[in-house]
Every structure is written in C-alpha cells, then in structure tokens.
Amino acid sequence: MRTPASTLAQFAIAGRSGIVTGAASGIGLAYAETLAEAGARVTLTDIDRDGVQREAERLRGEGFDVRADVLDVADRAACTAVFDAHAAAFGGLDICFANAGLGEGPGWVGPDGARVPDGQVDSYDDALWDRSIAINLTGSYNTMRNAARLMKAGGANGGRGGGSIVATASNAGLILEPIVPMPYHPAKAGVLHMVRALALELAAYRIRVNAIAPGPFVTNIGGGWAKKDPAVRAAFDATIPLGAMAETHQMKPLALYLASDASSFMTGSTLLIDGGVALGAPK
Ligand code: NAD
C-alpha cells in the first residue's frame, strides 16, 4: 500500500459509494450523513418508505449525492434488487453498513427491577423471537452477502477492488442486559461472529468486515422510549459510566474510520462504543 499524503488523507472517501440499511432513522441515518458529508454517493434504504424518501430528499437539498430505496432486509429478493440498483446507479459498491435492526418486546426484567411476566422464556411470544432473528441476524446476512457479491465483482474504490462492510451489532451481543428483549442477545452475538467469519473469508479480496457494538444511543429503537419520559431517561443515564446516553452524532467519527482506508489493517474487529456500560454500573 502506498504511503498516504497525510493521516487525514486516509479518511478520504469522496467519490466512493455506500449503501446503508435502516437509514431513515437513528444510527443508520447518522451513517448515511457521514458518508454524504465526506463526499461519497449514498443509497439510503429502509423499510419505512416515507422516512427514507424524506431523509434522502433533505440530504439532496443540502447538496449531497444520495438516492433512496425501500428495503425490508428480511426480503432476500428485494435485497438483491436494491443492491443491483445501487451498483447500476453508482458504478459499484465500496462501503456497506448492515445496520437495520429492532429491539421489540420485553426484557425479563423491567426498568423497575421487577420480573416481567411476558418476558420470561417459558411464556415468550414466538413471533418476537422469529422477527428478531429474521431482521437482526438473517437481515444482516442478506445485506452482507450482497455487499460481498458487488465488491468482489470489482469496480469498487475506482477500480482498485476491495471494500468495507460494517455491521451494527450491539453491546448486548457481548454482555447480558435483562431489560433488553432476550432474542436480541443471540441475534446480535450471531452478527458479531458472522462478521468474524466473513472477515476471514473475504480478506483475500481486500473486503474488510467489522462490527460496531453500540451501547445506548438516543434513537427510535424500542419505540423511542428514551425520548418520551425524562424521569426514566434520567434514571437510565445514571447507570452509564460516562453519565448519559449518546446522541447519534457521536457515532459519526467511528463510522468514517471504518468506512475509509483509515482502518485499512482492521478486519473482523468489534468496536464497542457504549459509554462504558459493558464495564458495569458506576459505584
Ligand atoms: P431506529 O429505530 O432509530 O432505526 C432503525 C431503522 O431500521 C428504522 O428506520 C427502521 O424503520 C429500520 N428498520 C426496521 N426494520 C427494518 C427492516 N426489516 N428492514 C429495513 N429497515 C428496517 O434504531 P437505531 O437505534 O438507530 O438502530 C440501528 C441499529 O443499531 C440496529 O441494528 C440496533 O439494533 C442497533 N443498536 C442500537 C442501539 C441504541 O441504543 N440505539 C444500541 C445497540 C445497537
């Protein structure tokens, strides 16, 4: 690899193209904004038709080169078509954020510390398990395999080949959080190990695959609970070693790092960004 002109030059992604799933809201929208702000051409995808079109329209209004596509990541045929449309529009694929996910359903413990009847494994709603696995785990597989397909086909990075795939897992893929829905834990742990498996398989093609494991960010996940009740929010903030939930702009530098050549020697890694939650509650 050529020695870059400067450290900052290693973060340059202008002219490359990226696709983001779950880009109408929260962390996915922050990823899409990061790529666009850095001069990449971006396809925002989401199951939320109005949301993804609204955000793409807003970014186009700010002068960015973005397009929108409706995509349910659990729909295999739709994934293939949406990735093909991205490649046709932008001449290949350099960067993919496999981000779409959800955290529906109760944990086995509620915010008040009491057991939640519907959150116990022996009475859990099978439909919630099925949806979590279908979207959080299988949806990531559907997304990453299409990214690998296009990146292998070449044309990415201005004909240099390779690419960067980043999956949004969760700190709940590494630690147990009783208030988080049980199926979310194995789904996100599965994403982390799939990232490692694909990183090894795809390294020979210079396709890097890494995972971000966020802790609590203020988004619309779980019905946007963190935006609704200041008292619940304050009590939760008090459990976080760095003192408060994160805002999505705090994700952007890490997203650019992983998307760009700044992380050129990194693959199969999990980057934990959780305010210290995985370290345990402050004493
Ligand atoms: P969010 O609800 O604000 O955004 C998620 C987006 O994904 C929404 O726009 C939603 O419409 C979309 N989506 C849902 N199901 C989809 C599907 N089947 N196909 C395509 N799009 C779909 O939530 P967020 O917090 O930004 O979540 C983004 C990712 O971050 C998820 O994978 C989530 O598990 C992960 N995560 C979030 C947190 C957090 O505290 N916010 C913590 C750890 C991990």
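Computed over heavy atoms, backbone and side chain alike; hydrogens, waters and symmetry mates excluded. The first residue of the sequence shown is numbered 1, and numbering continues consecutively from there. If you're wondering where the values come from, they're calculated on a predicted model, not measured in any experiment. Numbering of ligands and ligand atoms starts at 1, following listing order.
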Practice item. Could you name the option among A78, P214, A226, S132 that has the heavy atom nearest to atom 43 (C) of ligand 1? Key: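 Selected option, by shortest heavy-atom distance: P214.
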Would you mind checking which non-hydrogen protein atom is closest to [atom], with the distance to 0.1 Å?
atom: atom 1 (P) of ligand 1; answer: S25 OG, 3.5 Å
atom: atom 5 (C) of ligand 1; answer: G101 O, 3.9 Å
atom: atom 22 (C) of ligand 1; answer: I47 CG2, 3.5 Å
atom: atom 30 (O) of ligand 1; answer: T168 CG2, 3.3 Å
atom: atom 24 (P) of ligand 1; answer: T219 OG1, 3.4 Å
atom: atom 7 (O) of ligand 1; answer: G22 CA, 3.5 Å
atom: atom 10 (C) of ligand 1; answer: D46 OD1, 3.5 Å
atom: atom 18 (N) of ligand 1; answer: D72 OD1, 2.9 Å

Would you call [X]-[Y] a salt bridge at under 4.0 Å N-O?
X: D72; Y: R49; value: no
X: E57; Y: R54; value: no
X: R131; Y: D126; value: no
X: K252; Y: E247; value: no
X: R233; Y: D237; value: yes

Which of the atoms of ligand 1 are close to [X], meaning less than 4.0 Å from one of its heavy atoms?
X: I135; value: 18 (N)
X: P216; value: 40 (O)
X: A100; value: 20 (C), 21 (N), 22 (C), 32 (O)
X: I27; value: 26 (O), 30 (O), 37 (C)
X: G26; value: 3 (O), 26 (O)

So for ligand 1, is [X] a polar contact partner (N or O within less than 3.5 Å, distance only)?
X: D48; value: no
X: G215; value: yes
X: F217; value: yes
X: S170; value: no
X: Y184; value: yes

Write down the atom of [X], the atom of [Y], and the distance for their closest heavy-atom approach.
X: I221; Y: G103; answer: CG1-N, 3.9 Å
X: S140; Y: V191; answer: OG-CG2, 3.7 Å
X: N99; Y: G28; answer: ND2-CA, 3.2 Å
X: P183; Y: I133; answer: O-CD1, 4.4 Å

Test of understanding: given a 4.0 Å heavy-atom threshold, classify the contact between [X] and ligand 1 as side chain, backbone, both, or neither.
X: N99; answer: both
X: V73; answer: both
X: A172; answer: neither

**Study point:** Chi angles and distances behind the salt bridge (Lys or Arg N to Asp or Glu O under 4.0 Å) call for E33, R58
**Key:** CA-CA 11 Å; E33 289 171 346; R58 177 180 63 79; 2.7 Å; yes
Check your understanding: Is the W108-Y124 ring centre distance short of 6.0 angstrom?
Key ->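 No, the ring centres sit 6.0 Å or more apart.
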Looking at [Y], is its backbone amide N or carbonyl O close enough to the side chain of [X] to form a donor-acceptor pair, meaning the two atoms are under 3.5 Å apart?
X: D48; Y: V52; answer: no
X: S263; Y: L258; answer: yes
X: N210; Y: S269; answer: yes

Point to revise | M245 heavy atom under 4.0 Å from ligand 1 | key: no
Check your understanding: Among the heavy atoms of G139, does any lie under 4.0 Å from an atom of ligand 1?
Key -> no
